[in-house]
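The structure under discussion appears below in the form of structure tokens.
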Amino acid sequence: MSASEQQPWYAAYPQPVTEAVYLPRSTVLEWFSSEDKIPGKHFVLVDLRRYDHEGGTIKTSINLPAQSMHPSIPTLYTLFLSAGVSTIVFYCGSSQGRGARAASWMQDYINEKGDKNMKSYALEWGIKGWVKEGGKLLEMIDGYEEEVWKKFA
């Protein structure tokens with residue numbers, strides 16, 4: 001089978017039922033300076049990039065490549081529930097593919113569990129949008145490499 005005939009990685013998993021809800025960058029930035037929203041306790045950022053995981057990542061993010069995310073959903077849910085996390089924000093480069101799909105899969109699972117307290121989102125325009133906006137958002141990137149982001153300008 002040639003590379004062009006291969007199925008995309010996500011074809012092995014069910015189509016999400018829930019449509020992704022996008023969370024604005026400004027909301028996440030506000031959370032970083034809020035005493036009511038503590039990263040890792042109240043919200044978790046999940047960077048889904050695998051091979052394109054370069055140029056830095058938003059502070060406090062965990063890296064979970066999208067290709068391994070779906071089988072991990074029950075474990076992630078249990079971990080987040082046990083920790084009292086109420087919001088999960090997934091992102092990739094643009095959050096139009098991997099970010100939206102992961103947020104939808106996670107919300108599907110949350111809904112199946114009947115959990116009304118936990119919510120799953122995709123970060124609006126992903127890390128590329130985060131970097132493009134610049135300003136204070138750049139200060140929130142660990143390992144920021146300006147040269148990497150120039151190719152997306």
Side-chain angles (χ1 to χ4, degrees), residues 6-144 152:
Q6 291 179 352
Q7 295 280 344
W9 65 269
Y10 53 84
Y13 305 111
Q15 283 287 333
V17 175
T18 308
E19 187 172 328
V21 174
Y22 289 91
L23 193 67
R25 296 179 294 275
S26 58
T27 300
V28 177
L29 185 61
E30 285 173 22
W31 289 351
F32 274 114
S33 60
S34 169
E35 293 180 20
D36 296 331
K37 287 280 193 178
I38 300 168
K41 179 173 175 139
H42 297 106
F43 71 97
V44 172
L45 295 165
V46 181
D47 186 341
L48 297 160
R49 298 173 298 155
R50 182 167 77 176
Y51 297 122
D52 57 337
H53 188 251
E54 60 182 352
T57 190
I58 300 170
K59 287 183 185 284
T60 75
S61 296
I62 59 171
N63 180 242
L64 178 63
Q67 295 78 357
S68 61
M69 193 273 186
H70 193 275
S72 302
I73 291 173
T75 302
L76 288 172
Y77 176 79
T78 301
L79 287 169
F80 294 151
L81 183 66
S82 298
V85 172
S86 59
T87 307
I88 306 111
V89 183
F90 292 94
Y91 69 90
C92 58
S94 67
S95 290
Q96 299 301 302
R98 295 168 290 183
R101 189 171 287 108
S104 295
W105 279 333
M106 190 71 194
Q107 191 61 54
D108 286 348
Y109 192 82
I110 292 166
N111 293 345
E112 285 174 25
K113 291 295 184 184
D115 188 333
K116 302 290 184 203
N117 299 314
M118 190 182 295
K119 299 288 181 212
S120 175
Y121 297 95
L123 178 64
E124 183 179 51
W125 299 113
I127 194 161
K128 290 178 186 174
W130 188 277
V131 169
K132 188 174 183 176
E133 189 165 315
K136 281 195 163 293
L137 296 176
L138 292 183
E139 296 170 19
M140 301 305 297
I141 297 182
D142 285 333
Y144 176 71
F152 300 111

Residue pair Thr57 / Asp142, side-chain donor-acceptor N/O under 3.5 Å | no

Please report the closest heavy-atom contact between Ala102 and Leu48, naming both atoms and the distance.
-> CB-CD1, 3.5 Å

Count the heavy atoms of every other residue, nucleotide or ligand shown that sit under 6.0 Å from NZ of Lys59, and state whether that count exceeds 12.
-> yes

Tell me, with the steps shown, if Asp36 and Trp31 meet side chain to side chain contact (heavy atoms under 4.5 Å, CB included).
-> CA-CA 8 Å; Asp36 296 331; Trp31 289 351; over 6 Å; no

One should read off an interatomic distance between Glu35 CD and His42 NE2, to the nearest 0.5 angstrom, of 11.0 Å

Smallest separation among heavy atoms of Ala100 and Tyr22, with atom names | CB-OH, 3.3 Å

From CA spacing to verdict: side chain to side chain contact (heavy atoms under 4.5 Å, CB included), Ile62, Leu45 | CA-CA 6 Å; Ile62 59 171; Leu45 295 165; over 6 Å; no

Taking the side chain as every heavy atom from C-beta outward, state whether Leu123 and Arg25 have any atom pair closer than 4.5 Å.
-> yes

Test item: Ile110 and Phe80 side chains (from C-beta on) under 4.5 Å apart, heavy atoms | no

Side-chain donor or acceptor of Ser68 paired with backbone N/O of Pro65 under 3.5 Å | yes

What are the two closest heavy atoms between Ala122 and Gly99, and how far apart are they?
-> CB-O, 3.7 Å

Rounded to the nearest 0.5 Å, what separation is found between the NZ atom of Lys136 and the OG atom of Ser26?
-> 14.0 Å

Can you see which heavy atom on Lys116 is nearest to which on Lys119, and at what distance?
-> O-NZ, 4.1 Å

Could you tell me the separation between the CG atom of Leu137 and the CZ atom of Phe32, rounded to the nearest 0.5 Å?
-> 10.0 Å

Is it true that a side-chain atom of Asn63 and a backbone atom of Arg49 form a donor plus acceptor pair closer than 3.5 Å?
-> yes

In sequence, state the C-alpha distance, the side-chain angles, and the governing distance for Met69 and Phe90, and then conclude on side chain to side chain contact (heavy atoms under 4.5 Å, CB included).
-> CA-CA 11 Å; Met69 193 273 186; Phe90 292 94; 3.5 Å; yes

Relative to each other, are the rings of Tyr13 and His70 parallel, tilted or perpendicular (30° and 60° limits)?
-> parallel

Do Leu81 and Val85 pass the side chain to side chain contact (heavy atoms under 4.5 Å, CB included) test, and can you show the C-alpha distance, the side-chain angles, and the key distance before you say yes or no?
-> CA-CA 6 Å; Leu81 183 66; Val85 172; over 6 Å; no

Side chain to side chain contact (heavy atoms under 4.5 Å, CB included) with Leu76: which of Val44, Ile88, Leu64?
-> Leu64

Output yes when a side-chain donor or acceptor of Ser120 lies under 3.5 Å from a complementary backbone atom of Ala103, and no otherwise.
-> yes

Considering only heavy atoms from C-beta outward, does the side chain of Leu138 approach that of Val131 to under 4.5 Å?
-> yes

Say whether, by atom type as modelled, one donor and one acceptor occur between the side chain of Thr27 and the main chain of Leu23 under 3.5 angstrom.
-> no

Go through the side-chain N and O atoms of Ser61 and Tyr91 and say whether any donor and acceptor fall under 3.5 Å apart.
-> yes

If you measure from the Lys or Arg side-chain nitrogens to the Asp or Glu carboxylate oxygens, is any gap between Asp115 and Lys113 under 4.0 Å?
-> no

Is there a donor in the side chain of Thr18 and an acceptor in the side chain of Asp108, or the other way round, less than 3.5 Å apart?
-> yes

Roughly how far, to the nearest 0.5 Å, is the CG atom of Leu29 from the CD atom of Glu133?
-> 8.0 Å

Looking at Phe43 and Lys37, what are the two nearest heavy atoms and their distance?
-> CE2-O, 3.8 Å

Keeping the roles fixed (side chain from Ser104, backbone from Ala20), state whether a donor-acceptor pair exists under 3.5 Å.
-> yes

Closest heavy-atom pair, Trp9 versus Ala66, reported as atoms and distance to 0.1 Å, is CZ3-O, 3.3 Å

Approximate separation, where rounding is to 0.5 Å, of Trp125 CH2 and Ser94 OG = 7.5 Å

Separation of Tyr10 OH from Arg101 CZ (nearest 0.5 Å) | 5.0 Å

